[in-house]
There are 4 protein chains.
Amino acid sequence: MSDTIELIRRQVSDLHQELVRYGLVVWTAGNVSARVPGEDLMVIKPSGVSYDELTPASMILCDLDGNVVEGEHSPSSDTAAHAYVYRAMPGVGGVVHTHSTYASAWAARGEAVPCVLTAMADEFGAEIPVGPFALIGDDSIGRGIVDTLTGHRSPAVLMKSHGVFTIGADAKAAVKAAVMCEDVARTVHICRQLGEPVPIAQADIDHLNHRYQHVYGQQPAAR
Amino acid sequence: MSDTIELIRRQVSDLHQELVRYGLVVWTAGNVSARVPGEDLMVIKPSGVSYDELTPASMILCDLDGNVVEGEHSPSSDTAAHAYVYRAMPGVGGVVHTHSTYASAWAARGEAVPCVLTAMADEFGAEIPVGPFALIGDDSIGRGIVDTLTGHRSPAVLMKSHGVFTIGADAKAAVKAAVMCEDVARTVHICRQLGEPVPIAQADIDHLNHRYQHVYGQQPAAR
Amino acid sequence: MSDTIELIRRQVSDLHQELVRYGLVVWTAGNVSARVPGEDLMVIKPSGVSYDELTPASMILCDLDGNVVEGEHSPSSDTAAHAYVYRAMPGVGGVVHTHSTYASAWAARGEAVPCVLTAMADEFGAEIPVGPFALIGDDSIGRGIVDTLTGHRSPAVLMKSHGVFTIGADAKAAVKAAVMCEDVARTVHICRQLGEPVPIAQADIDHLNHRYQHVYGQQPAAR
Amino acid sequence: MSDTIELIRRQVSDLHQELVRYGLVVWTAGNVSARVPGEDLMVIKPSGVSYDELTPASMILCDLDGNVVEGEHSPSSDTAAHAYVYRAMPGVGGVVHTHSTYASAWAARGEAVPCVLTAMADEFGAEIPVGPFALIGDDSIGRGIVDTLTGHRSPAVLMKSHGVFTIGADAKAAVKAAVMCEDVARTVHICRQLGEPVPIAQADIDHLNHRYQHVYGQQPAAR
């Protein structure tokens, strides 16, 4: 058990560096968490610690109500939202939150990113939807994420006026979704600056998504 | 006393690297200063020295009229503006100046950045305001900063046709404000390229800002 | 023979780092391949392996029908498209595929990049053309690339709603074309945000392209 | 004499890394040269060598007609333009050429960058002007640079449909001008995406430029 937790601490710590590498975060914003398989536990970033100083040991172990089980710092201020997702979506093993620039710009307009790239059909299988405006401090954000993503192919939601939450079968899949979300939000934004994108037929989106999620050998996303 | 100054020299030198890391400066533009607590002294960047060559020893110790007390180079050409802020705002412990791209683009239009992101409500609590056009060489810039930020929640001001000044309880808080200012100026700019942002209700801005500054455990900004 | 293949494995592995350096790829997207000269063989990126983990030994040796001859992983999911190009275009020694942002934005609108920069006349000699929308899984993508680039001066094609494929006399030339394609797609995009580019006369485009491809001492592109 | 040339070889080689650091160049595009003081000689980048492989020894020593005096590679294909500038403008000690993105976008529209930032008044003292469309291969480019910059405060010219040339009292000043040119071209572009910049009064531009070039202690630019 403790070996598993050590492994997850290391994975979650390392995955935060991917947020830095892809320019999805500034200062101490953004966070990654992972469920401890088979336990009512999760590992999440400490609050207000810089990305340079994150280590496996500084990650916080919480229960799925967001209470600290083990850790010297406070957990991320977004812990309640992560915890809500794990409680409500048993197939989710990882959650990521960022304020990445282009995705947050769509979120600030309250506008979904239309599915107009084959890579977006592969990974998201649909538009990237918008979730409600929700204040931090209770279950509003978590409920908004779950309500929006339940039954949706997309592993990413744009929370209105806020930023992005992504889910995955594990934390790495959720980080991948966060990276791809910003990438396609940026490309579609730039496309639309000079005109409208060519639509992709729904049948082609379905075909691409099915192939990528089932035939291509990727593990299916946790939805 | 001299230990405190050594510590501040190191902090100010190191914090300049954050301006580089977040792409807020090119060549030798931009500067960070810190007040020496309890003394009428400040530590500031030398003028015209490249970011690669900055060391704690090369930082300049000045009095709060901008006169050099200790240092081999001339202090930043913006020293008078920093000094004016420290004289006028006793709660300010750090000042940062940059020409960061997106914030300066808003400044070149003389337009405030509207508060349309929850992260902006957290950190700025309001729009990021515009200060007057002011020429270098006397107290005009310093006075413009102080007049604009006094009584304002925002720790950042966009000086018209010029760039950004930020303040904080210490130099690190002022650097954080400079990083966040460019981040939100960029996201709101990109949002507005394709339409208008959804407004956030004033009561929600107030709630978010109060929580972030008082409940979240951050030290309150120096205003 | 095996020495040649070892050399090509190293070249192809190293060239992938250029895609990272120039920001043309995120996560595991994008791929480079090279023909083994004089053989019906090619070396290509493995599928789903991160750029940090690519090594010469992890590259996949395939025949020109895309079947694996040597390699522990599956080859890139774009292998069929690369193989089709090598079968149809004997002068091509390297193929590159990316979803680079600005080029993919033009592709999402189905719009060619007009030849309005001297550097673009040098390298591309014409507009960068748009190829058809094509689904992965059969020869559609490969055929679209070949049909569009045959008889065209440009070594790059924007596959509609998808991304970029480039060709070259060797893999390095194809990577150069991918780098230059994104560079000019970005510059022309930014130009057009604020107005129309000044056209370059066809005779000047012809003159610049002829000089660059024949006089300047560069090896002619493989078309 | 040979010690001076060794020093300049090293300076020119090192300064090319600043072009990379500030993202002004891709692949092998862009070049820096320096006059050998008191001699009819210049040191310039070799043609087609990657930035990673540039060393002091690989720099090319040419006379001011562009003939190679010492060096194993061919000199930059822009050597004739650099040489023309040194022959025509005796105060110029350094020349830089780039296709940096935002400046080249203005060049592609044939539009000067208006002087609407105090940092631009400092460094450029005026708009950044547009030079003629000119083909490579004779003195057209060099003459276009000299005709445009003679009697102009700006050390940078946007050559139509091409890119940027900058001059300075030495190579470092010319590199600084290239870095600042892209920086202000980007900021003014982004400003104008959402509205018109506030003009700066001519008297204020004159005041700022005079102070920066004469009072601030910078060496005056070579014009």
Side-chain angles (χ1 to χ4, degrees), chain A residues 14-15 17-19 21-24 100-102 113-123 168 172-201 203-212 214-219, chain C residues 20 23-30 46-48 50-52 73-78 81 97-111 113-114 130 132-138 140-141 144 158-164 182 185-186 188-197:
Chain A
D14 289 352
L15 284 166
Q17 299 310 320
E18 299 295 308
L19 305 187
R21 179 207 296 241
Y22 287 108
L24 307 189
S100 67
T101 301
Y102 284 85
V113 184
C115 185
V116 295
L117 296 164
T118 55
M120 201 176 162
D122 287 348
E123 175 74 19
K172 188 176 177 184
V175 170
K176 182 190 178 193
V179 170
M180 298 304 294
C181 177
E182 180 65 5
D183 194 54
V184 300
R186 179 170 43 228
T187 301
V188 179
H189 175 92
I190 289 170
C191 167
R192 282 190 55 204
Q193 289 186 316
L194 297 181
E196 286 306 308
V198 177
I200 303 182
D204 291 335
I205 293 173
D206 294 347
H207 178 84
L208 286 165
N209 188 248
H210 185 266
R211 180 185 178 283
Y212 191 75
H214 299 284
V215 182
Y216 183 49
Q218 308 275 334
Q219 63 271 49
Chain C
V20 174
L24 307 189
V25 291
V26 299
W27 210 251
T28 64
S47 179
S50 83
Y51 282 90
D52 285 355
H73 296 84
S74 302
S76 162
S77 60
D78 298 300
H97 173 51
T98 81
H99 299 159
S100 67
T101 301
Y102 284 86
S104 296
W106 290 88
R109 286 194 309 275
E111 195 176 348
V113 184
V130 176
F133 179 79
L135 290 179
I136 200 166
D138 60 15
S140 304
I141 294 176
L158 309 175
M159 292 299 283
K160 193 182 289 181
S161 310
H162 182 179
V164 179
E182 180 65 5
R186 179 170 44 225
V188 179
H189 175 93
I190 289 170
C191 167
R192 281 190 55 203
Q193 289 186 316
L194 297 181
E196 286 306 308

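Below, chain A is the first sequence line, B the second, and so on; all start at residue 1.
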Please enumerate all residues that pass side-chain hydrogen bond (donor to acceptor under 3.5 Å, both in side chains) together with C/Gln193, with sequence neighbours excluded.
A/Gln193, C/His189, D/His189, D/Gln193
Counting only heavy atoms closer than 4.5 Å, note whether A/Glu182 contacts chain C via side chain, backbone, both or neither.
neither
Given heavy-atom pairs under 4.5 angstrom as the criterion, report whether the side chain, backbone, both or neither of A/Met180 touches chain C.
side chain
CG/A/Asp204 to CZ/C/Phe133 distance, rounded to the nearest 0.5 angstrom?
4.5 Å
Looking at C/His99, C/Lys160, C/Arg192, C/Met159, which makes the most heavy-atom pairs under 4.5 Å with chain A?
C/Arg192
Rounded to the nearest 0.5 Å, how far apart are OG of C/Ser77 and CG of A/Asp122?
8.0 Å
Between atom CD1 of C/Ile190 and atom CD1 of A/Ile190, what is the distance when rounded to the nearest 0.5 Å?
8.0 Å
So CD of A/Glu123 and CH2 of C/Trp27: to nearest 0.5 Å the spacing works out to 9.5 Å
Atom pair NZ (A/Lys176) and OG (C/Ser50), whose distance is rounded to the nearest 0.5 Å
12.0 Å
Enter the distance from C/Leu135:CG to A/His207:NE2 here, rounded to the nearest 0.5 Å.
5.0 Å
Listed partners of C/Asp138 passing side-chain hydrogen bond (donor to acceptor under 3.5 Å, both in side chains), at least two apart:
C/Ser140
A/Leu194 versus chain C, the contacting section by heavy-atom distance below 4.5 Å:
both
